[in-house]
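Chain identifiers are assigned alphabetically (A, B, ...) following the order of the sequence lines, protein sequences preceding nucleic acid strands; residue numbering begins at 1 within each chain.
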Amino acid sequence: EIAAAEKDEL
Amino acid sequence: MNIFRLAGDMVHLLSFVVLVLKINATKSCRGISLKTQELYTLVFVCRYLDLFSNFISMYNTTMKIVFLGTSFAILYLMRGHKVIKVTYDREQDTFRYLFLVLPCALLALLIHNAWTPFEVVWTFSIYLEAVAILPQLVLLQRTQNIDNLTGNYVFLLGLYRGLYILNWIYRYFTEPHYIQWIVWISGIVQTILYLDFFYYYIKSWKNNVKLALPS
């Protein structure tokens, strides 16, 4: 799943 | 988290502070585009759908809540506050939302990382953020006597994006497999939109004269 780890920016 | 990312976030946060300060201190939102503010609010709502389902860090969650809260507070001041709302430049702030929202929505449907509702809405927020400043830039060009705080607000917003680019470069070299084409290209487009403004902002600052954009 791409969603979780890479969405750590605002 | 690297220093560029932290600096970018702090500058972004500072831009909100400057905007709220300007509106509250002068009891006026003259020169501020409500359309840009509404688009930013839409950007945050769409991007932070995972606020409660995807915990990254206390920092992230706090910042997301602050960004959302501040955006809605600014909308309240501009639309609901008895004294402030009459200072809004309604006749000048004429940019059409659809020209920005529709192409971004179509692009998000076409180009995304995964075909899930969450991912498409998130991608839409990335595209929309890149162009959401346009109504503000147009209004700025129409406004005579841009006050210092409004100029600083737009400058901080542009600086925030510039710092994020440095953050991506840093991450690309320090984190394996860190490649995010959608975010990078949108972020570069977003920063390019500010270049013209930067030029006049820095020029006015160096010559110590009031900022004015040529129309």
Could you go through residues 100-110 of chain B and list every donor-acceptor pair under 3.5 Å that involves a side-chain atom there, pairing it with any protein atom two or more places apart or in another chain?
none

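- For the pair A:D8 and B:R171, the salt-bridge criterion is met [side-chain N within less than 4.0 Å of a carboxylate O].
- No more than 12 heavy atoms of other residues, nucleotides or ligands shown are found within 6.0 angstrom of CZ on B:F99.
- Atom NZ of A:K7 sits about 8.5 Å away from atom CG of B:N54, to the nearest 0.5 Å.
- Within 6.0 Å of OH on B:Y170 lie no more than 12 heavy atoms contributed by other residues, nucleotides or ligands.
- Heavy atoms from other residues, nucleotides or ligands lying under 6.0 Å from CZ of B:F55 number more than 12.
- Taking B:Y160 as the reference, B:H12, B:Y164 meet the ring pair (Phe, Tyr, Trp, His ring centres under 6.0 Å) condition, with sequence neighbours excluded.
- The two residues B:N60 and A:L10 come nearest to each other via the heavy atoms O-CD2, 3.9 Å.
- The salt bridge (Lys or Arg N to Asp or Glu O under 4.0 Å) test applied to B:D147 returns B:K22, not counting sequence neighbours.
- Residues of residues 27-48 of chain B that come closer than 4.5 Å to chain A, counting heavy atoms only, are B:R47, B:Y48, ordered by residue number.
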